[in-house]
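Below is one structure, written out as structure tokens; the observations come after it.
Below, read A as the first sequence line, B as the second, and so on, with proteins coming before strands; counting in each chain starts at 1.
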Amino acid sequence: MSAVPDKPSLDNIESGWIQAWESEGIYAFDRTATRENVFAIDTPPPTVSGSLHMGHVFSYTHTDTVARFWRMRGKSVFYPMGWDDNGLPTERRVQNYFGVSCDSSVPYDPNLTPPFRGDPPKDHKPVPVSRPNFIELCEELTAEDEKIFEDLFRRLGLSVDWSLLYATIDERSRRASQRAFLRNLSRGEAYTQEAPTLWDVDFKTAVAQAELEDRERPGAYHTLAFHRSDGSGDILIDTTRPELLAACVALVAHPDDDRYKPLFGTTVRTPLFGVEVPVLAHPLAQIDKGTGIAMCCTFGDLTDVTWWRELRLPMRAIIGRDGRIVADAPQGLTDARGLEHFSALAGKSAKQAQTAIAEMLVASGEMIGEPRAISHPVKFYEKGDRPLEIVTSRQWYIRNGGRDVALRDELLARGAGLAWHPDHMRHRYSNWVEGLNGDWLISRQRYFGVPVPVWYRLDEHGEIVYDSPLVPDESQLPIDPSTDVPVGYDASQRGQAHGFVGDPDVMDTWATSSLTPQIAGQWEDNADLFSRVFPFDVRPQGHDIIRTWLFSTMVRAHFEHDRAPWRNAALSGWILDPDRKKMSKSKGNVVTPIDLFEKYGSDAVRYWSAGARPGIDTAFSEDQMKVGRKLATKLLNVSKFVLGFGDADESLAPTHPVDLAMLQKLSVVVNEATAAFEAYDYARALERTESFFWWFCDDYVELVKTRAYATHGEEGALSARIALRRALSTLHRLFAPILPFVTEEVWRWWQEGSVHRAPWPVHADVWREEGFTVHGDSIIDSVCHVLGEIRRAKTEAKVSQKAVVESVVVTATPSQIDGLTSAWSDIADAGSVSSWSAAPDDDATDITVSVVLAPVAP
RNA sequence: GGGCGUUUAGCUCAGUUGGCUAGAGCAUCUCCCUUACAAGGAGAGGGUCGGGGGUUCGAGUCCCUCAACGCCCACCA
């Protein structure tokens with residue numbers, strides 16, 4: 001406890017309290033707490049490969065307010081932090097930061113010095129480094145980034161228990177990730193399969209359905225002439241991807257399309273290449289699209305994959321994993337002229353090949369008319385820059401209901417059983433699950449990730465035997481199959497006939513982050529801890545990753561624990577650009593969180609965040625931060641003022657009706673704020689509290705301050721002081737989850753310990769039914785109404801509020817008059833009123849006030 | 001094409017089982033240096049609650065319908 005300062009200030013109050021909270025262990029999780037006394041949060045691990053932006057500040061504040069509420073309610077709050085440093089974003093950042101690229105063929109250099117540390121020149125060509133060197137650089141850079149994130153989160157005032165920190169690439173995460181995978185494998189929930197897969201040609205990795213996005217791109221319809229094998233003429237098809245012509249394996253039309261019915265079962269020859277392909281029927285073909293008959297290639301899009309599979313077509317892949325036309329002509333292409341055409345395309349990118357083949361088609365007369373420009377949606381990897389191709393590769397999958405109705409229904413039921421905040425977000429989940437069209441592809445052909453923990457036997461020819469992978473024992477985890485050796489083999493057998501080889505892939509970042517409850521709760525590593533936190537109370541996250549993070553976490557917990565991993569899902573909205581309508585002002589000035597913390601204080605930034613209702617997108621607003629700053633300042637000043645009246649025992653009963661009425665009003669606010677927080681509606685809790693607070697400062701304090709100075713005797717003064725201090729204590733605690741710094745500052749002026757460990761206020765402590773009958777619940781409203789009329793009279797007369805009022809006449813019902821009489825002394829003090837009279841009127845509907853101002857001295 | 005959300009003052013938004021004359025903050029305007037706070041205080045103006053229809057004694061609130069905007073998903077020859 002410290003004294004009330006003469007000049008309270010918000011300047012730089014953060015650092016002192018950050019240190020005090022750490023040294024006092026205010027936010028430490030109590031590991032002895034039983035599950036029912038724990039509030040466990042499955043914190044989103046931010047990707048640390050970028051900068052911390054206002055979106056982080058916004059959503060993490062929301063969670064923090066709820067965490068603080070439950071802590072004050074007496075729960076042991078399990079509030080961990082994690083860093084999502086695993087995966088592609090980190091790789092990309094390391095490449096750009098150090099000016100290197102990963103090349104598995106380069107030997108490890110223990111003394112490697114990267115060519116740059118930050119901002120290599122644009123024309124710099126990346127220097128190839130070994131995979132171990134690359135991973136070291138990833139670890140080095142993420143460690144730096146994580147320090148910055150931690151400092152910012154502390155500055156924001158997150159009540160995280162930093163001893164619970166994890167990173168998605170650390171040993172604990174790798175162990176959990178591999179353990180969960182191996183259990184999925186042993187139960188048949190994970191499997192490997194060679195199949196056509198969406199492929200990013202720049203990152204050279206497979207991507208999953210959940211990581212796709214459509215982008216509108218210009219394209220062009222090319223009309224090509226296919227030649228009927230019986231020589232009876234041509235069939236015209238429209239395609240946006242003529243460069244795939246050599247990969248054509250069939251023409252497909254709708255079975256009911258009368259135009260093409262006679263052709264089903266016949267064959268045609270492709271333009272330029274002269275390959276004979278069948279004309280087939282399939283319901284996915286759209287009669288009204290293009291010419292109604294499509295060229296099916298291996299593979300132009302996912303419809304091609306369906307046709308290829310269901311119509312049992314041959315494979316004629318021509319796009320390589322680098323996105324270029326392969327060197328060798330596909331099977332079936334034997335025509336000499338066709339081979340010539342093909343070799344002219346080999347090695348070109350898809351885009352280059354399109355230009356080249358269009359010229360060839362024009363030259364051969366097999367393109368009808370000019371290409372017609374269109375704009376159409378094209379599938380991209382969400383982090384990628386070029387359209388996805390489809391290539392055939394061997395990948396690992398985890399079942400997710402995309403190919404299994406029973407499992408899908410189970411997962412839908414899991415989602416339906418969650419409490420969603422806001423509730424309508426549940427539709428995003430069910431919408432996604434119902435629309436799944438395949439299992440979850442988890443393997444990635446990358447470097448900085450958790451390795452797929454299996455090896456494969458090699459047969460007598462040194463060929464990989466995929467159907468019975470060699471797996472490690474769980475006690476060995478985590479492993480790296482590229483350096484570790486399976487039981488029963490020695491290192492010399494790696495890559496040898498009858499030996500083994502490690503799976504070269506890593507798992508998708510979601511395959512690890514889908515296990516954040518298990519990682520943070522330390523699952524098999526610390527079963528006691530896990531039993532105290534799992535299933536978690538809440539998963540806070542953005543609504544944009546319901547289909548990825550939320551759903552995948554549900555899948556893993558469903559398989560592993562046969563239950564949902566949490567009870568609640570709290571979805572936060574997005575920050576919108578405030579200038580999105582004013583383009584001219586949006587240039588320059590990128591606002592960073594740290595600047596705002598310094599300009600307005602952390603509490604003010606939190607105030608802006610907490611003003612947004614759960615799940616609602618919100619415009620960035622410095623104006624709101626100014627309001628938050630004002631609120632914090634007011635809290636300092638009013639606290640100083642109230643405490644300046646001197647001590648009073650808050651457990652005593654106030655006696656004055658105005659004081660009792662105020663406390664009764666506050667007790668309602670306590671109930672409302674409590675209910676709001678219980679429903680994850682921090683914004684409503686803040687709004688109720690704030691609204692009361694300003695009324696408390698502007699009206700109640702003004703009414704009673706003269707009396708509190710003991711100008712009318714000790715009894716009235718004592719009642720006011722008790723009420724003021726009881727209200728102040730309550731307000732400090734109601735604001736504590738939203739404004740942790742200023743409330744701690746003022747709390748410690750007069751209380752022991754941290755406000756953040758103080759008990760959350762309850763109705764019964766504020767309003768104790770102290771044996772006094774209030775003159776109806778409107779007494780305080782009547783009093784404020786009269787005070788307001790007096791103030792208005794002064795404003796309209798353009799005189800100071802301290803101007804003396806000669807007389808006031810109030811017309812009201814007798815019962816209202818009774819109430820006003822009991823409080824008149826306070827009104828007179830606050831309004832500088834000399835005398836008043838009452839005009840009782842049984843029929844009065846309103847309180848009318850006539851004010852006569854004292855003549856102003858000239 | 002399917003799903004979800006939003007639409008209330010110039011701006012950002014409250015308005016929780018239908019109920020006094022629809023609220024707050026910001027912005028605007030007026031006044032006040034009153035000793036907790038001028039980085040403050042006291043007031044004022046400003047709204048056909050997106051349009052239309054319906055239920056009801058009574059609708060911002062419930063139902064139907066239309067529209068605009070936004071998001072998610074699907075389609076992608």
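- A:Asp423 contributes no side-chain N or O that, together with a main-chain N or O of A:Ala419, makes up a donor-acceptor pair within less than 3.5 Å.
- For A:Lys630, the side-chain atoms get nearest to B:C26 when compared with the rest of B:C26, B:A36, B:A77.
- Separating the NE2 atom of A:His424 from the C1' atom of B:C71 is a distance of 9 Å, rounded to the nearest angstrom.
- Listed nucleotides: B:C76, B:A42, B:A36. Nearest to the side chain of A:Lys705: B:A36.
- Within the 4.0 Å cut-off from OP1 or OP2 of B:A77, at least one side-chain nitrogen or oxygen of A:Lys289 is found.
- Within the 4.0 angstrom heavy-atom criterion, only backbone atoms of the sugar-phosphate kind lie near A:Val627; the bases stay farther away.
- Residue A:Lys640 places no side-chain N or O under 4.0 Å from the OP1 or OP2 atom of B:A36.
- Closest approach to the A:Lys798 side chain among B:A42, B:C75, B:U30 is made by B:U30 (side chain taken as heavy atoms from C-beta onward).
- Using a 30° and 60° split on the angle between ring planes, A:Trp747 and A:Trp750 fall in the perpendicular class, above 60°.
- Nucleic acid contact for A:Cys297: none, since no nucleic acid atom lies under 4.0 Å from a heavy atom of the residue.
- Under the 6.0 Å cut-off for aromatic ring centres, A:Phe58 and A:Trp574 do not qualify, their centroids lying 6.0 Å or more apart.
- Comparing the C1' positions of B:C76 and B:A67 gives an interatomic distance of 29 Å, to the nearest angstrom.
- Residues passing the side-chain contact (heavy atoms from CB on, under 4.5 Å) test with A:Thr548 are A:Ala210, A:Trp510, A:Ile545, sequence neighbours excluded.
- Side-chain N/O atoms of A:Arg792 include one lying less than 4.0 angstrom from OP1 or OP2 on B:A44.
- Across all strands shown, B:C69 forms a Watson-Crick or G-U wobble pair, both distances under 3.5 Å, with B:G5.
- Applying the Watson-Crick and G-U wobble criteria (two distances, each under 3.5 Å), B:G60 pairs with nothing in any strand.
- Distance noted for atom C1' between B:C13 and B:U8: 9 Å (whole Å).
- B:A42 is paired with B:U30 under the criterion used here, namely a Watson-Crick or G-U wobble arrangement in which both key atom distances are under 3.5 Å.
- If you take CD of A:Glu690 and P of B:G23, they are 19 Å apart, rounded to a whole angstrom.
- Projected onto RNA chain B by closest heavy-atom contact, A:Trp307 and A:Glu796 fall at different nucleotides, the more 5' of which corresponds to A:Glu796.
- Take the nearest nucleotide of RNA chain B for A:Gly788 and for A:Trp432: the residue whose nucleotide is more 5' is A:Gly788.
- The side chain of A:Val701 has B:A36 as its nearest neighbour among B:A36, B:A77, B:C32.
- Cation-pi check for A:Lys379 over A:Trp199 is not met; the charged atom does not lie both under 6.0 angstrom from the ring centroid and within 45 degrees of its normal.
- Spacing between B:G15 and B:G23 at atom C1', rounded to whole Å, works out to 7 Å.
- A donor N or O paired with an acceptor N or O is found under 3.5 Å between the base of B:A36 and the side-chain atoms of A:Glu702.
- You won't find any donor-acceptor pair under 3.5 Å spanning the side chain of A:Asp544 and the base of B:C72, going by distance alone.
- The CG atom of A:Leu244 sits 14 Å away from the C1' atom of B:C76 (whole-angstrom rounding).
- For A:Thr303 and B:C76, the shortest distance from a side-chain N or O to OP1 or OP2 is below 4.0 Å.
- As rounded to the nearest Å, B:A9 and B:C62 have C1' atoms that lie 26 Å from one another.
- Counting non-hydrogen atoms under 4.0 angstrom, A:Tyr600 reaches nothing in the nucleic acid.
- The distance from atom CG of A:Asp238 to atom P of B:C76 is 15 Å, rounded to the nearest whole Å.
- Here the P atom of nucleotide B:G41 and the CG atom of A:Asp699 are 12 Å apart, to the nearest Å.
- Taking the six-membered ring for Trp and the full ring otherwise, the centers of A:Tyr682 and A:Phe677 sit at least 6.0 Å from each other.
- In this structure, A:Asp214 reaches the bases: a heavy-atom distance under 4.0 Å links it to at least one base atom across the strands shown.
- Here B:A36 presents its P atom at 13 Å from CG of A:Asp6, a figure rounded to the nearest Å.
- A:Ala683 comes within contact range of no nucleotide atom at all, as no heavy-atom separation falls under 4.0 Å.
- Looking at the side chain of A:Trp694, the nearest of the listed nucleotides B:A77, B:C26, B:G41 is B:G41.
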For this session: With side chain to side chain donor-acceptor pair (under 3.5 Å) as the test, would you mind laying out the steps for A:Tyr381 and A:Glu213 before giving the verdict?
Result: CA-CA 6 Å; A:Tyr381 174 39; A:Glu213 67 181 29; over 6 Å; no
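- Counting only heavy atoms from C-beta on, A:Gln209 has its side chain closest to B:A74 among B:C75, B:U34, B:A74.
- Under a cutoff of 6.0 Å and an axis angle of 45°, A:Arg215 and A:Phe380 form a cation-pi pair.
- Among the nucleotides B:C73, B:G43, B:A39, the one closest to the side chain of A:Arg547 is B:C73.
- One C1' atom belongs to B:C32, the other to B:C69, and the distance between them is 44 Å to the nearest Å.
- Here B:C71 is the nucleotide among B:C71, B:A77, B:C73 with the atom lying nearest to any side-chain atom of A:Arg428.
- Base-pair partner of B:C20: not found among the strands shown (Watson-Crick or G-U wobble, both distances under 3.5 Å).
- Look at the P atom in both B:G43 and B:C4: the space between them is 46 Å, to the nearest Å.
- Residue contacts shown for A:Ser691 are absent, as no nucleic acid heavy atom lies under 4.0 Å away.
- Closest approach to the A:Lys634 side chain among B:A42, B:A36, B:C4 is made by B:A36 (side chain taken as heavy atoms from C-beta onward).
- For the pair A:Lys626 and A:Trp608, the cation-pi test (distance below 6.0 Å, angle within 45°) is failed.
- Contacts of A:Asn431 with the nucleic acid, taken as non-hydrogen atoms under 4.0 Å apart, include base atoms.
- Phosphate proximity of B:A36 to A:Tyr709: present, with a side-chain N or O under 4.0 Å from OP1 or OP2.
- Across the protein-nucleic acid pair, A:His376 atom NE2 and B:C76 atom P stand 12 Å apart, rounded to whole Å.
- Taking the P atom of each, B:C72 and B:C11 are spaced 26 Å apart, rounded to whole Å.
- Between B:U21 and B:G60, the distance separating the two P atoms is 11 Å to the nearest Å.
- If you look at A:Phe551 and A:Trp440, their ring centroids are not closer than 6.0 Å.
- In this structure, the NE2 atom of A:His543 is 15 Å from the P atom of B:G70, given to the nearest Å.
- Looking at the side chain of A:Ser800, the nearest of the listed nucleotides B:A77, B:G2, B:U34 is B:U34.
- Using a 4.0 Å heavy-atom criterion, one finds that A:Arg241 contacts no nucleic acid atom at all.
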